[in-house]
Amino acid sequence: MNTGTGHIGTMRVSHNLDGVIIQGSIAKYLHGENMTPLSRNGVKMAIEKLDTAINLSLSGVAVGSIEIGTSIILRENPGEYLRLFGDMRGYTKTAHSKYGFLKTVSYGTPTGAYQFCAYDKGREMADKKQPIPALFSGKHVLRLEYRIVRRRGIRNKLGQDITAYDLFNYEVYRRLQSLFLEVYQAIPKTGRVVYIDKSKPMTPALLERLQAEQWRQSYPEKYNAVLQSLTESGSLTAKNIERIRAKDRRQGRDFSMSDKSPLIAELDNHVRTAAKSGA
């Protein structure tokens with residue numbers, strides 16, 4: 001036969017006249033679950049295990065898609081953090097909920113080559129009736145994943161094609177961690193705490209500005225609904241919408257009037273740590 005499909009562990013293996021295609025989570029292949037993040041050495045162990053299983057060296061096999069992710073234990077339910085993920089420039093945001101519970105927030109570029117996804121990992125595994133590792137049992141776990149789903153996208157981000165063995169190369173591994181962190185940090189986060197500097201004079205105009213910003217940060221969905229309604233009615237032009245969005249982005253970085261949500265501050269610290277570990 002010239003074509004065929006089968007499985008080695010949790011990996012799907014297909015072959016045709018053009019070669020062999022291997023699909024699946026190497027974390028799940030190594031550990032039996034993909035909740036536990038892989039270190040660089042873990043990636044190496046998984047690739048070498050797969051090498052042996054298929055009796056074929058993957059040292060020259062090109063990678064067609066990559067998923068860089070981590071699972072983070074948080075103080076509160078993941079939905080509390082997901083609600084604070086705003087709209088990102090250049091990406092389309094999609095939110096998924098079930099029975100009123102926000103489960104997933106995902107972002108994708110128009111071409112589909114780049115994606116970022118944040119979701120309640122514990123709920124996902126419970127829905128699929130999958131066993132949860134002891135480290136994460138009974139905890140609030142948020143999963144974050146940056147995906148490059150096309151080979152061309154990999155070349156654009158890394159400057160070259162990469163092989164399966166490159167995935168545990170130190171420089172490549174660190175570059176992928178950096179890309180993950182860059183995209184996470186590019187996502188605007190709402191829920192910022194607006195404060196009043198009582199040591200400075202207060203004017204009606206400034207008070208109105210602070211109150212408006214607090215409302216925007218506290219109710220981002222309502223704020224966006226107002227903008228959508230005004231745009232659809234013709235009251236706001238595309239140019240003015242862009243000006244409003246640019247102002248919103250500036251205010252989101254203005255630490256003279258507000259600071260990040262305590263929940264986002266907690267999450268940021270975990271993400272930075274995760275993006276610098278395991279190498």
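Asp248 and Tyr223 form a side-chain donor-acceptor contact under 3.5 Å, judged by distance and modelled atom types alone. Judged purely by distance below 3.5 Å, without hydrogens or angles, the side chains of Glu182 and Ser178 never pair a donor atom with an acceptor atom. No hydrogens or angles considered: a donor-acceptor pair under 3.5 Å links the side chains of Ser233 and Ser235. Under the 3.5 Å distance criterion, with hydrogens and angles disregarded, no donor-acceptor pair is assigned to the side chains of Asn224 and Tyr219. Side chains of Thr36 and Glu33: a donor on one and an acceptor on the other come within 3.5 Å. Remark: the Tyr173 side chain and the Asp166 side chain contain no N/O donor-acceptor pair separated by less than 3.5 Å. Side-chain contact check for Arg192 and Ser261: no donor-acceptor pair (N or O, by modelled atom type) lies under 3.5 Å.
For Ser71 against Pro37, the heavy-atom pair with the smallest separation is N-CG, 3.7 Å. The two residues Arg174 and Ala275 have their closest heavy-atom pair at NH1-O, 3.3 Å. The two residues Pro133 and Met125 come nearest to each other via the heavy atoms CD-CE, 4.5 Å. Nearest approach of Ala118 to Leu144, heavy atoms of both residues: CB-CD2, 3.4 Å. Closest approach of Met202 and Leu207 over heavy atoms only: SD-N, 3.5 Å. The shortest heavy-atom contact between Leu30 and Gly42 is CD2-O, 3.4 Å.
A donor-acceptor pair is defined here as one N or O able to donate and one able to accept, closer than 3.5 Å; such a pair exists between the side chain of Asn269 and the backbone of Ala265. With hydrogens and angles ignored, the 3.5 Å screen pairs no side-chain donor or acceptor of Tyr165 with any backbone N or O of Ile47. Although no hydrogens or angles enter the test, the distance criterion places a donor-acceptor pair under 3.5 Å between the side chain of Ser277 and the main chain of Ala274. The closest donor-acceptor contact from the side chain of Tyr146 to the backbone of Tyr184 lies at 3.5 Å or more, if one exists at all.
Side-chain atoms of Glu145 and Thr70, non-hydrogen and from C-beta on, never get closer than 4.5 Å to each other. Between His270 and Leu74, the closest side-chain pair of non-hydrogen atoms falls below 4.5 Å. Here the side chains of Leu167 and Val63 are in contact, with some heavy-atom distance below 4.5 Å. A 4.5 Å side-chain heavy-atom check between Arg147 and Ser65 finds every atom pair outside the cut-off. Ile72 places a side-chain heavy atom less than 4.5 Å from the side chain of Val271. Between Arg12 and Ile22, every side-chain heavy-atom pair lies at or beyond the 4.5 Å cut-off. Contact check for Met11 versus Leu50: side-chain heavy atoms found under the 4.5 Å cut-off. Proximity of Leu84 to Leu267: side-chain heavy atoms (C-beta onward) are nowhere separated by under 4.5 Å.
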Give the intermediate values and the outcome of side chain to side chain contact (heavy atoms under 4.5 Å, CB included) for residues Leu227 and Ile244.
CA-CA 9 Å; Leu227 293 182; Ile244 290 170; 4.2 Å; yes
Report the C-alpha separation of Thr94 and Val105 in whole Å, then their side-chain angles, then the decisive distance to 0.1 Å, and conclude whether the side chain to side chain contact (heavy atoms under 4.5 Å, CB included) test is met.
CA-CA 6 Å; Thr94 305; Val105 173; over 6 Å; no
Starting from the C-alpha separation in whole Å, work towards a yes-or-no answer on side chain to side chain donor-acceptor pair (under 3.5 Å) for Tyr81 and Glu266.
CA-CA 10 Å; Tyr81 303 81; Glu266 176 200 356; 2.6 Å; yes
What verdict does the salt bridge (charged side-chain N to carboxylate O under 4.0 Å, His left out) test give for Glu213 and Arg216, after you've listed the backbone C-alpha separation in whole Å, the side-chain angles of each residue and the deciding distance to 0.1 Å?
CA-CA 5 Å; Glu213 181 62 9; Arg216 184 176 78 86; 2.8 Å; yes
Check the pair Asn34, Tyr29 against side chain to side chain donor-acceptor pair (under 3.5 Å), reporting the backbone distance first and the verdict last.
CA-CA 8 Å; Asn34 61 356; Tyr29 176 68; over 6 Å; no
Apply side chain to side chain contact (heavy atoms under 4.5 Å, CB included) to residues Thr92 and Asp87 and explain how you reach the verdict.
CA-CA 8 Å; Thr92 298; Asp87 296 313; over 6 Å; no
Pair Gln251, Arg209 - check side chain to side chain contact (heavy atoms under 4.5 Å, CB included), show working.
CA-CA 11 Å; Gln251 291 193 168; Arg209 179 190 173 200; 3.7 Å; yes
Working note: Arg143 + Asp120, criterion salt bridge (charged side-chain N to carboxylate O under 4.0 Å, His left out); need CA distance, chi angles, decisive distance, verdict.
CA-CA 6 Å; Arg143 179 73 180 178; Asp120 186 333; over 6 Å; no
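Annotation: cation-pi geometry not satisfied between Lys93 and Phe116 (NZ/CZ under 6.0 angstrom from ring centroid, within 45° of ring axis). Cation-pi geometry between Arg123 and Phe101 is satisfied (NZ or CZ under 6.0 Å from the ring centre, within 45° of the ring normal). A cation-pi contact links Lys189 to Phe85, judged by a cut-off of 6.0 Å to the six-membered ring centre and 45° from its axis.
We find that Arg249 and Glu242 are joined by a salt bridge, their nearest charged nitrogen and carboxylate oxygen being less than 4.0 Å apart. Of the charged side-chain nitrogens involved, at least one lies within less than 4.0 Å of a carboxylate oxygen, so that Lys121 and Glu124 count as a salt-bridged pair. Ion pairing between a basic and an acidic side chain is recognised when a charged N comes within 4.0 Å of a carboxylate O; Asp161 and Arg155 show such pairing.
Under the 30°/60° scheme for interplanar angles, the aromatic rings of Tyr91 and Tyr107 are found to stand perpendicular.
Membership of an apolar cluster is not assigned to Tyr119, as no side-chain contact below 4.5 Å to another ILVMFWY residue is traced.
Hydrophobic clustering, with ILVMFWY side chains joined whenever heavy atoms are under 4.5 angstrom apart, groups Phe168 together with Val61.
Of the residues Asn77, Leu142, Thr104, the one that meets the side-chain contact (heavy atoms from CB on, under 4.5 Å) test with Leu82 is Leu142.
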